[in-house]
Structure formats: C-alpha cells, structure tokens
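Take a look at the structure set out below.
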Protein chains: 2
Amino acid sequence: MKISTKGRYAVRLMIDLAEHNHGEFIPLMDIAKRQEISEKYLESIVSVLSKSNLLISLRGKGGGYKLAKNPEDYTVGSILRLTEGSLAPVSCLEGEVNDCTRACHCRTLPMWEGFNKLINDYFDGITIADLVSGSDYSDDYII
Amino acid sequence: MKISTKGRYAVRLMIDLAEHNHGEFIPLMDIAKRQEISEKYLESIVSVLSKSNLLISLRGKGGGYKLAKNPEDYTVGSILRLTEGSLAPVSCLEGEVNDCTRACHCRTLPMWEGFNKLINDYFDGITIADLVSGSDYSDDYII
DNA sequence: TTAATTTACTATCAATTTAGTAGGAATAAA
DNA sequence: TTTATTCCTACTAAATTGATAGTAAATTAA
C-alpha cells in the first residue's frame, strides 16, 4: 500500500516549479539537481504532466517547463491520480463499473468504498500552494 | 496504491471465521471453498495470523482454525498491518525513526503523515464484527 | 496400531510492477 | 551553426505479487 516514486516525485516537481515560478521556463536539469532525482527518470514523469496540460513546455535553448495554472489551482489528488494511474485502493473500484462477481454481496466492499472516498477527499483538499506554504496536516482530518 | 490480495483475503478469512464461529475448529478447505480462494495460497496468509495468535489452530482430524477473540475485538487495521507488512503510504514513515535526509525540510512529509494517520485511524475504527453485521462505510468519515 | 485428516514448513516460479538507464531525433534560440 | 533543451522509443535489473508443489508433523478415530 505505497504511493510510488512516480507520484511522490511528481508532487515534488510541481512544488519545485511553484517555488521557482517567475514566468520563465525552468529546465528539467535544474529541478533534477535541486530535488536530487535522476533527470532521465524525472523526464518520464514530467511527460505525463505535460501531455495532460498541467504544465507548459518549450523545447530548445531557454526552454523547460512552467506551471499552466496558479499553484492553488492544482490539487495533489489530480496529480496523483494522473501519475499513479489511479488512487483506488482495490482494483474493483477502478473504472466506472464494478465487474466483480462477488460485489453484490461483498462484506468488505463498503469498507473499501469508504476508504476510496477518504483518500480522494484528502488529496483533493490539498493544493500545491498549501504544500509550498508549509501547512501542517498531521493533526487535520481527525475521524 | 493498492491493498494486496494478502490483506484482502485475510480480512475475508476473518469474516468467514466469525460467521461460522461455533466453537469448533474450521478446516481451511471449507473457507477456501466458500471464499473461492486457493487453499494453498490461503495457507500462507493464515499462517501469519496464526503465528501472531490472532487465530487458534489445531492439526489433524477435527482440526482447523478458529478465532482467538470475539469478532468485535479484531480491528481491520491490526489484520492489515500484519498481512500487508505495514499500512504506511510512504516508506519513510515505516519503523520508528525517519532516516530520510530530506525529512527535516521536506515539504510533503506533513501531508504523508496526515495521510498515514487517516489510514490507520480509518481501519482501526472498523472491526470484524462491523463487517459481519454489514455496516455501510461509504458515507462515514466525511472530511 | 494404522489410516485419514489437517496444519506447518520449505522451496520454487511466472507475471507484473517499479525504478530506473540509454541513445538519439526534433526544436528553438543565440 | 552551435548549444540547449524537450520528446520519443527501447531496454533492463530488481522487487513484489500471487500463486503452486511436495512433504513433514500432529492429531484423532477406527
């Protein structure tokens, strides 16, 4: 039950872009050095964000990446769903329909559904701007 | 970010034992048939639960497994932490100390800590008895 | 005592996912 | 034309997942 490096690195990349958000394009190399992540690996992550138009990219000299929106307009949920593929904690909750044959009488399904909602609500309630400003989440969302 | 079959099967196994909880030992074969899970695979899962004394086992004819406590005394959290290894959503939150060199200034750590707490609190708030009685969790824990 | 039943233990394995690496083509600016 | 940068395709090693197989040990009933 782990968030993979893809998702974690993507969030760090977005924070880095937000912290260095001065209108210019930022080369991936700069981000890779600051974040101590292989540029080549980061490249595969940034391409997902770029293709989905979360980022604007420019090739060639003076090129790089920059945010397409303001930091407060990116939820962590939207970034993780993209880079992790899905935030569903069980595969039967992925996609539109549940095609599990046991679904109709499954004793555990409601628990997974509740958990799925909790995950998505939690990460949709946090923006990149929140992470840059350094809010503390460890005591929030007491259940 | 998935709960593996180990954890999910373990919960189903515990529910099955709770639903057939009549004092007798229940052979694994019976559970495997009812739950449509390979007996051999279930064996590797049940051994973890048995070694940690969540279950009582007896070999030989008339043997099998039964719950060591009442269904309401098992939280789903305790079962998942055991079978999944850990419920921590990022590896730096596993164990007692965080040895990540970035931890002291990590912009994302508070978010992961908050998420970790959310996960553990959610599953520690659900017991096997809850699952047997069929409570609905999809609208609980609104954040 | 023997046969049947059941857990316990050890080893193996194929498929998938994770976490990267490598090389070069396309593009843009100086 | 040189330099810097993204974009694209392919490859790979290691770990994890989800099992399967065979046998030993224990227990009970006939």
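A, B, ... follow the sequence lines: proteins, then strands. Residue 1 opens every chain.
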- Taking the inter-plane angle between the rings of A/Tyr9 and A/Tyr41 on a 0 to 90° scale, is it parallel (under 30°), tilted (30 to 60°) or perpendicular (over 60°)?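 The arrangement is perpendicular - the two ring planes meet at more than 60°.
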
- Message: Closest approach to the side chain of B/Lys61, judged atom by atom: which nucleotide of D/dA29, D/dT5, D/dG22 is it?
- Response: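 The nucleotide sitting nearest to the side chain is D/dA29.
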
Can you tell me how far [atom2] of [N] sits from [atom1] of [X], to the nearest Å?
X	N	atom1	atom2	result
A/Ile56	D/dC7	CD1	C1'	17 Å
A/Arg12	C/dA19	CZ	P	13 Å
A/Glu43	C/dA19	CD	C1'	15 Å
B/Leu58	C/dT6	CG	P	11 Å
B/Leu55	C/dT6	CG	P	17 Å
A/Ile45	C/dT18	CD1	P	12 Å
B/Arg59	C/dA3	CZ	C1'	18 Å
A/Leu28	C/dT21	CG	P	13 Å

- Touch class at under 4.0 angstrom, heavy-atom based, for B/Gly60 against every strand present: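 Result for B/Gly60 = base.
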
- Quick one: label B/Phe25 by what it contacts on the DNA or RNA (base, sugar-phosphate, nothing), any heavy atom closer than 4.0 Å. nothing

- Query: Looking only at N and O atoms, is any donor in the side chain of A/Lys40 or the base of C/dG23 less than 3.5 Å from an acceptor on the other one?
  - Reply: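 Present.
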
Look at the side-chain N and O atoms of [X] and state whether any lies under 4.0 Å from the OP1 or OP2 oxygen of [N].
X	N	value
B/Tyr9	D/dA19	yes
A/Ser44	C/dG20	no
B/Tyr41	D/dA21	no
A/Thr5	C/dA19	yes
A/Ser47	D/dT6	no

- Message: Please compare A/Met1 and A/Ile26 by the position of their nearest nucleotide in DNA chain D and report the one closer to 5'.
- Response: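 Of the two residues, A/Ile26 wins.
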
- Query: Between A/Lys51 and A/Gly62, which is nearer to the 5' end of DNA chain D once each is assigned its nearest nucleotide?
  - Reply: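 Upstream on the strand: A/Gly62.
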
Charged N to carboxylate O under 4.0 angstrom, [X] versus [Y]?
X	Y	result
A/Glu94	B/Lys2	yes
A/Arg81	A/Asp124	yes
B/Glu39	B/Lys33	no

- Item | Centroid-centroid under 6.0 Å between A/Phe115 and B/Tyr122 rings | yes

